[in-house]
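Structure first, then comments.
Quick caveat: nothing in here was measured; it's all calculated off a predicted structure. For this chain, numbers begin at 1 and follow the sequence in order.
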Amino acid sequence: MASSLTCAGIIWAFLSFLCAATSCVGFFMPYWLLGSQLEKSVSFGTFRRCSYPVRDESRQMTVMVEQCGRYASFQAIPSAEWRICTVVTGLGCGLLLLVALTALMGCCVSELISRTVGRVAGGIQFLGGLLIGSGCALYPLGWDSEEVRQTCGNLSNQFELGTCHIGWAYYCTGGGAAAAMLVCTWLACFSGKKQKQYPY
């Protein structure tokens, strides 16, 4: 099978896939913010949550349902900042995934990735990483929502965690984006082979 990638390009393709997968897994998992409520562990993502309070009418008390799931609607996400974060981070993950899959195809298809295409792909990766980084920066602005305050001992505020702490998925998402911006963007510049000139 012919490849359109140089040795640096093959490394770029696999690193791009790893960065995209890391960011996408972190984005999808609801473990960005960890805390507790009614002595049960609670976790939040941008658009998902694990463990939530429900009023039990038969016992006349509030109980915690220990399940993970998405919010019922986009408007049900606790804060406007988290809604923006969901859209921006999702777009960034989509861009990283698009470039990663194209780069992997370049390992098998000749003349798919030229030097120019590689550089454009690197620019798209930089943009994707920038969008994800923006989403990660916006996330703490939503810590003052009522749901988060209940989970974080009523002490949380914007950029103040209260009794909560940041979870592994937040680091995963941001780390994948940072690696894509810093390493993959640079490797993309050297990824494509020089195109053959065909006489006509």
Side-chain angles (χ1 to χ4, degrees), residues 1-34 43-50 68-71 74 77 81-142 165-193 195:
M1 246 187 290
S3 172
S4 60
L5 297 173
T6 61
C7 287
I10 291 170
I11 294 168
W12 167 68
F14 287 106
L15 269 177
S16 294
F17 182 74
L18 284 175
C19 290
T22 302
S23 289
C24 289
V25 165
F27 172 60
F28 187 72
M29 291 295 163
Y31 303 108
W32 282 41
L33 184 65
L34 309 173
S43 60
F44 296 94
T46 61
F47 64 97
R48 299 181 75 212
R49 176 184 176 151
C50 287
C68 295
R70 293 187 314 265
Y71 288 99
F74 187 70
I77 295 174
E81 293 87 1
W82 282 14
R83 288 190 284 273
I84 295 167
C85 177
T86 298
V87 171
V88 168
T89 307
L91 280 172
C93 285
L95 289 175
L96 290 188
L97 207 53
L98 175 72
V99 171
L101 294 176
T102 303
L104 287 176
M105 284 182 6
C107 292
C108 307
V109 179
S110 64
E111 299 185 29
L112 178 66
I113 309 281
S114 65
R115 286 185 180 174
T116 304
V117 170
R119 289 179 181 137
V120 169
I124 293 170
Q125 280 182 309
F126 188 83
L127 177 63
L130 198 61
L131 287 170
I132 294 170
S134 300
C136 289
L138 282 171
Y139 190 70
L141 293 173
H165 60 279
I166 295 174
W168 63 267
Y170 181 84
Y171 294 114
C172 236
T173 307
M181 282 177 68
L182 301 174
V183 179
C184 294
T185 299
W186 177 73
L187 281 173
C189 296
F190 310 104
S191 62
K193 291 180 179 174
Q195 292 252 315

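The shortest side-chain heavy-atom distance between Trp12 and Val99 falls under the 4.5 Å cut-off. Leu95 places none of its side-chain heavy atoms less than 4.5 Å from the side chain of Gln125. Two residues are said to be in side-chain contact when any heavy atoms from C-beta on lie closer than 4.5 Å; Val117 and Leu112 fail this criterion.
Nearest heavy-atom pair, Leu5 versus Ala13, reported as atom, atom and distance to 0.1 Å: CD1-CB, 4.0 Å. Of all the heavy atoms in Ala177 and Ile132, the pair that sits closest is CB-CG2, 3.5 Å. Nearest heavy atoms, Ala188 versus Gly122: CB-CA, 3.5 Å. Nearest heavy atom pair, residue Leu34 against residue Gly167, reads CD1-CA, 3.8 Å. Listed here is the closest heavy atom pair of Gly26 and Thr173: C-OG1, 2.9 Å.
Thr86 meets the side chain to side chain donor-acceptor pair (under 3.5 Å) test with Thr46; sequence neighbours excluded. Residues passing the side chain to side chain donor-acceptor pair (under 3.5 Å) test with Arg48: none are found, sequence neighbours excluded.
Atoms CD1 and CZ, on Ile113 and Arg119 in that order, are 13.0 Å from each other to the nearest 0.5 Å. Going from atom OH of Tyr31 over to atom SG of Cys172 covers 13.0 Å, rounded to the nearest 0.5 Å. Note that the CG atom of Leu187 and the OG atom of Ser16 stand 8.0 Å from one another [nearest 0.5 Å]. Here the CG-OG1 distance, from Leu97 to Thr102, works out to 9.5 Å after rounding to the nearest 0.5 Å. Rounded to the nearest 0.5 angstrom, Ile77 CD1 and Arg70 CZ are separated by 10.5 Å. Here SG of Cys184 is found 8.5 Å from CG of Leu18. Values are rounded to the nearest 0.5 Å.
Under the 3.5 Å distance criterion, the side-chain polar atoms of Ser23 are left unmatched by any main-chain donor or acceptor of Cys93.
Counting non-hydrogen atoms of other residues, nucleotides and ligands closer than 6.0 Å to CZ of Phe74 gives a total above 12.
Among the candidates Trp168, Tyr170, Phe47, Tyr171, the single residue satisfying the ring-ring contact (aromatic ring centres under 6.0 Å, His included) test with Trp32 is Tyr170.
The ring-ring contact (aromatic ring centres under 6.0 Å, His included) contacts involving residues 81-125 comprise Phe44-Trp82, Trp82-Tyr139, where partners must be two or more places apart or lie in separate chains.
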